Every structure is written in C-alpha cells, then in structure tokens.
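All heavy atoms count here, side chains included; hydrogens, waters and symmetry mates do not. Here the structure is a predicted model, which means the values were calculated and not measured.
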Amino acid sequence: MARMKILNSLEEEAFENPPSFNSVERKKFFDFPATILDVVATFKTPTNKACFLIMFAYFKARKKFFFRKFNSIDVSWVVEKLKIAITQIDIDSYARETYSRHQTIILEFFGFKEFDQQSEDLIRSYISLMVKSQIKPKQILLETVSLLTREKIEIPSYNQLANAIVEQINFHKQELINLIEVHLTDDNRQLLDSLLDKDSSGTNASAINPQRQFQIQRAKLTMLKKFSHSTKPSKIKANIADLQILQTLCKELKSVIYAINLSVESIRYYANIVIKSEIFQVSRRTDEDRYLHLIAFIVHQF
C-alpha cells in the first residue's frame, strides 16, 4: 500500500531500530529477574541466551521486538553478564522459530499480548475516530502506540501502523465523497463550480434563479476568502454582501451539508486547504473531492 510520510526518515529509523541506551539506562533495562535468568539457563546455545536477554531488555524499554537488530555494545554487555566469549555469539544463526518462541516467553512475562488481527481491528476503530477529527497523522501514530501500551499489546512495525492510518484516512475520504455523489444535485454542482469561474459573464444561468445568479456573480472564491476589518461603510457593506452570499449558499446546500455531517475539525481542515490554494489548484481536483472542499469552505466562512 502506498503510504504518506508520517514520520521523517530519522524518526522512522529510530522507531524501527532498537533503543540506544546510555550507561544508566543499560543498567536499568539489563537488570534481569531471577526467573528470567533461570529460563535462559535452559537454552542450549550462547547465541540463543544472549539474543533472548537483549530482546527482553529492548521489549522492557520499547514494548517492541527487533529481529536480529542488536547494538554491539548491548551484545558485549550481555556476553560479559553471561560470562561467555563474544566469539561464541553468531547473530545470523538466531533462527526465526527460536525468535518466535522467545517472543512468547517475553510477552507472557510482561503480561502483554501479541499484535494480532484483533489488535489490528482495535487500532482501526481508534484511528478512524481520530481521522474523523482531523488529527494529524503523526499524532495519530503516537496516540495509537500509547493505546497499545495501555492495552498491553506489543507495538508492531512502523509499516503496519502507517498503513492502518493511511487506510482509514482514505476510507473516510471515500465515505465523504460517496455521500456527496449521492446527495449533491446538478444544480448544487453548478452552484459550487460557479465559484471558480474566472468570468461571471460565462456562467450558465439556466438552472439558477435571477436572485441567486446576481449573488453568484459577486461570489468569486477569492472574494470570500478574506473579510475586511475596516469600519468604512463601503467595506462593511461588502462584508454584509459576502455574508448574504454565504448564507444563500449554505441554504442551497443544506441537505448535503447535513448528509456529510463534517466535524468542526474536518470543516476547518478542508476549508483551510481551499483558503491556502489558488483557484486552479482547487479546480483541478476530482469533482466530488472539489465539492467536498468547497462545501467545507462555505460552512467555515459562514
């Protein structure tokens, strides 16, 4: 799945790689309980013993597993603790099956669950709520990690989280577009597109009554983006005229506005895109996507 850039390269690298401990942190996270050391004593190879303990420390710190990704200084620390030679450790021989068994032991010790289909369903619902509130993707990712930690579920890979976020963003956007396609009449479409006309004289007025046509000639998108704070009568009159235009547009679009039921955050999000965009940038969006942004803009400005 194609995904947006939620974390920058350095942040993504930090998320996907094991923690870099300082000396104090290393002493803290590599302090193993006796029950764990007893389990390790039953393992056959030095590699399995060392890899398990490093995984244990990393999970204790990050609630996440890293397959064969071990910092060399941590390997040296554990080897010294186990009183074995560094030459006895071969990370490449650490088998995936053994890794899986070790994961289970560590999860059970900390009272955590693996990230499974049920966990994925949980975060989808949680992400969906945040998407509808137009929370930024990076914040959604951080909040999702916090949720998993609270629910004692292991943290999955960055790709899994990023794909779940993008999936919900696209799903929500498609839901809105589908509602607009169903509820927006041809008259509504013409009304919205007339805001983007460069020349009001070219507006097709066949489906627009004379009063509305007069208002639409005044209602260019750029003219509705900013309101004057001047107390001059002419400026006040212009503001009132713009307000009347927006009121008319809201009235005409009332049914579709209620149908899509945008949150305050969503209205602000889509409206700000229109406010910051040039006319041609809004115009080249696909029909329903363009109408979604224009409707939010109208409601926001009104």
Any donor and acceptor pair, going by atom type alone, linking the side chain of [X] with main-chain N or O of [Y] inside 3.5 Å?
X      : Y      : result
Gln160 : Ser157 : yes
Gln301 : Ile298 : no
Tyr158 : Leu7   : yes
Asp289 : Arg285 : no
Ser263 : Gln134 : no
Lys152 : Thr149 : no
Ser93  : Asp90  : yes

Could you list the residues that satisfy salt bridge (charged side-chain N to carboxylate O under 4.0 Å, His left out) with [X], not counting sequence neighbours?
X      : result
Glu16  : Lys64
Asp121 : Arg124
Arg101 : none

Approximate separation, where rounding is to 0.5 Å, of [X] [atom1] and [Y] [atom2]:
X      : Y      : atom1 : atom2 : answer
Lys49  : Thr42  : NZ    : OG1   : 8.5 Å
Glu154 : Phe110 : CD    : CZ    : 13.0 Å
Lys237 : Asp242 : NZ    : CG    : 12.5 Å
Leu292 : Ile273 : CG    : CD1   : 9.0 Å
Asn188 : Leu294 : CG    : CG    : 12.0 Å
Ile6   : Leu141 : CD1   : CG    : 6.0 Å

Quiz item: Do any pairs count as a ring-ring contact (aromatic ring centres under 6.0 Å, His included) and have a residue in residues 164-186, sequence neighbours left out, and if so which ones?
Solution: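 Matches after skipping sequence neighbours: none remain.
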Quiz item: ring-ring contact (aromatic ring centres under 6.0 Å, His included): which pairs involve residues 269-302, sequence neighbours left out?
Solution: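 Pairs touching residues 269-302 that pass the test: Tyr270-His293.
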Exercise. Mind jotting down which residue pairs meet the side-chain hydrogen bond (donor to acceptor under 3.5 Å, both in side chains) criterion with at least one end in residues 20-37? Sequence neighbours excluded, please.
Key: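 Qualifying pairs: Arg26-Asp74.
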Quiz item: Which pairs with one or both residues in residues 137-147 pass side-chain hydrogen bond (donor to acceptor under 3.5 Å, both in side chains), sequence neighbours excluded?
Solution: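 Output for this query lists Glu11-Lys138, Gln139-Glu143.
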Does the side chain of [Y] come within less than 4.5 Å of [X]'s, by heavy atoms?
X      : Y      : result
Phe109 : Ile36  : yes
Leu179 : Val256 : no
Leu147 : Arg150 : yes
Asn17  : Asn71  : no
Leu184 : Leu253 : yes
Leu161 : Ile140 : no
Met55  : Phe59  : no
Leu262 : Ile257 : no

Self-check item: Other residues, nucleotides, ligands: >12 heavy atoms within 6.0 Å of Ile73 CD1
Solution: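 Not buried by this count: 12 neighbours or fewer within 6.0 Å.
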Exercise. Report, as yes or no, whether the 6.0 Å neighbourhood of atom CD on Gln117 holds more than 12 heavy atoms from other residues, nucleotides or ligands.
Key: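 Atom CD in Gln117 is crowded, with more than 12 foreign heavy atoms closer than 6.0 Å.
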Exercise. List for me each residue that meets ring-ring contact (aromatic ring centres under 6.0 Å, His included) alongside Phe29, sequence neighbours excluded, and say none if there are none.
Key: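 Phe29 satisfies ring-ring contact (aromatic ring centres under 6.0 Å, His included) with Phe21 once adjacent residues are dropped.
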Quiz item: Of all residues at least two apart in sequence or in a different chain, which pass the ring-ring contact (aromatic ring centres under 6.0 Å, His included) check with Tyr94?
Solution: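 If we apply the ring-ring contact (aromatic ring centres under 6.0 Å, His included) test to Tyr94, skipping adjacent residues, the hits are His102.
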Exercise. Run the ring-centre check on Phe66 versus Tyr99 and record whether the distance is less than 6.0 Å.
Key: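 Not close enough - the centres of the two rings lie 6.0 Å or further apart.
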Exercise. Answer yes if the ring centres of Phe43 and Phe52 are under 6.0 angstrom apart, and no otherwise.
Key: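 Yes, ring centres under 6.0 Å apart.
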Taking every non-hydrogen atom, the tightest pair across [X] and [Y]:
X      : Y      : result
Glu252 : Leu191 : CB-CD2, 3.6 Å
Arg284 : Gln281 : CG-O, 3.5 Å
Arg62  : Pro19  : NH1-N, 3.4 Å
Val78  : Ala50  : CG1-CA, 3.7 Å
Ala164 : Ile127 : CB-CD1, 3.9 Å
Thr231 : Ile236 : O-CD1, 3.4 Å

Quiz item: How are the rings of Phe56 and Phe32 set relative to one another: parallel (under 30°), tilted (30 to 60°) or perpendicular (over 60°)?
Solution: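 Rings of Phe56 and Phe32: perpendicular, as their planes differ by over 60°.
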Quiz prompt | Connected hydrophobic set around Ile177, excluding itself, where side chains approach under 4.5 Å | solution =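 Listed partners: none, Ile177 stands alone.
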Quiz prompt | Val24: hydrophobic cluster co-members (side-chain, 4.5 Å) | solution =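 In the cluster with Val24 there is nothing else; it is isolated.
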Quiz item: With the threshold set at 4.0 Å, does a side-chain nitrogen-carboxylate oxygen contact exist between Arg189 and Glu288?
Solution: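 Salt bridge present between Arg189 and Glu288.
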Quiz item: Mind checking what makes side chain to side chain contact (heavy atoms under 4.5 Å, CB included) contact with Val79, not counting sequence neighbours?
Solution: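 Side chain to side chain contact (heavy atoms under 4.5 Å, CB included) check on Val79 returns Val75, Ile84, Ile86, Ile89.
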Quiz item: Hey, are Glu12 and Ser9 close enough side-chain-wise for a donor-acceptor pair under 3.5 Å?
Solution: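 The answer is no; no qualifying pair exists.
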Quiz item: Will you find, in the side chains of Gln174 and Asn178, an N or O donor that is under 3.5 Å from an N or O acceptor?
Solution: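 There is such a pair between these side chains.
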Quiz item: Going through the checks in order, is the side-chain contact (heavy atoms from CB on, under 4.5 Å) test met by Ile153 and Asp116?
Solution: CA-CA 9 Å; Ile153 300 170; Asp116 55 13; over 6 Å; no
